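Step one of this worksheet: look at the structure below.
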Amino acid sequence: MALRAAVLRHLRVPIQTAPWRGGASLRLMSSHDDHITKDEVIDRVLSVVKDFPKVDPSKVSPDVHFQKDLGLDSLDNVEIVMALEEEFKLEIPDKEAVKIDSTHLAIEYISNHPMSS
């Protein structure tokens, strides 16, 4: 806990200033201002899925279903979601992770996630 406090004391967070009503300004703080484009998300999601050992890379497309089209099982599905979490440096809650069963859903989830990088 002491290490965390020491790090936080020296951490710098970039801020943005946005106009607000009445001429005042609102400071928006963000430690993540380099959100990626949807095209980059598509390329990286497809790359992660193509690199999965049980997948034939020629079958991977932006709309492929992990189990129906690629013949993967539910454990493989979990492993792909974990690989996506690592690739994009984010944590996908279990409730959301079980819903991601295709490249399309993975692309949509990650491109809409504010912390993906």
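This is a predicted model, so every value here is computed, not measured. Residue numbers start at 1 and run along the sequence shown. Computation of the quantities below employed the complete heavy-atom set of this structure, encompassing side-chain atoms and omitting hydrogens, waters and symmetry-equivalent molecules.
Here the NE2-CD distance, from His113 to Glu85, works out to 9.0 Å after rounding to the nearest 0.5 Å. To the nearest 0.5 angstrom, Phe52 atom CZ is 10.5 Å from Leu84 atom CG.
Scanning for side-chain hydrogen bond (donor to acceptor under 3.5 Å, both in side chains) contacts around Glu40 gives Arg44, with sequence neighbours left out. A search for side-chain hydrogen bond (donor to acceptor under 3.5 Å, both in side chains) contacts involving Lys59 returns nothing, not counting sequence neighbours. In terms of the salt bridge (charged side-chain N to carboxylate O under 4.0 Å, His left out) criterion, Glu79 has no residue partners (sequence neighbours excluded). The side-chain contact (heavy atoms from CB on, under 4.5 Å) test applied to Asp94 returns no partner, not counting sequence neighbours. The side-chain contact (heavy atoms from CB on, under 4.5 Å) test applied to Ser58 returns Asp56, not counting sequence neighbours.
Put simply, the residue from Asp51, Leu70, Leu72, Leu75 that forms a side chain to side chain contact (heavy atoms under 4.5 Å, CB included) with Ile80 is Leu72.
Each of Val78 and Val81 belongs to its own hydrophobic cluster when Ile, Leu, Val, Met, Phe, Trp and Tyr are linked at side-chain heavy-atom distances under 4.5 angstrom.
No more than 12 heavy atoms of other residues, nucleotides or ligands shown are found within 6.0 angstrom of CD on Glu91.
Contact annotation: the side chain of Leu90 approaches that of Ile92 to within less than 4.5 Å [non-hydrogen atoms, C-beta and beyond]. Contact of the Val55 side chain with the Phe66 side chain is not registered, since no non-hydrogen atoms from C-beta on lie closer than 4.5 Å.
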Could you list the donor-acceptor pairs under 3.5 angstrom formed by side chains in residues 99-111, with sequence neighbours left out?
{"unit_1": "Asp101", "atom_1": "OD2", "unit_2": "His65", "atom_2": "NE2", "d": "3.1"}
{"unit_1": "Ser102", "atom_1": "OG", "unit_2": "Leu105", "atom_2": "N", "d": "3.2"}
{"unit_1": "Thr103", "atom_1": "OG1", "unit_2": "Ser61", "atom_2": "O", "d": "2.7"}
{"unit_1": "Thr103", "atom_1": "OG1", "unit_2": "Pro62", "atom_2": "O", "d": "2.9"}
{"unit_1": "Thr103", "atom_1": "OG1", "unit_2": "Asp63", "atom_2": "N", "d": "3.4"}
{"unit_1": "Thr103", "atom_1": "OG1", "unit_2": "Val64", "atom_2": "N", "d": "3.2"}
{"unit_1": "Thr103", "atom_1": "OG1", "unit_2": "Val64", "atom_2": "O", "d": "3.4"}
{"unit_1": "Glu108", "atom_1": "OE2", "unit_2": "Lys38", "atom_2": "NZ", "d": "2.5"}
{"unit_1": "Ser111", "atom_1": "OG", "unit_2": "Ile107", "atom_2": "O", "d": "2.9"}
{"unit_1": "Ser111", "atom_1": "OG", "unit_2": "Glu108", "atom_2": "O", "d": "3.3"}

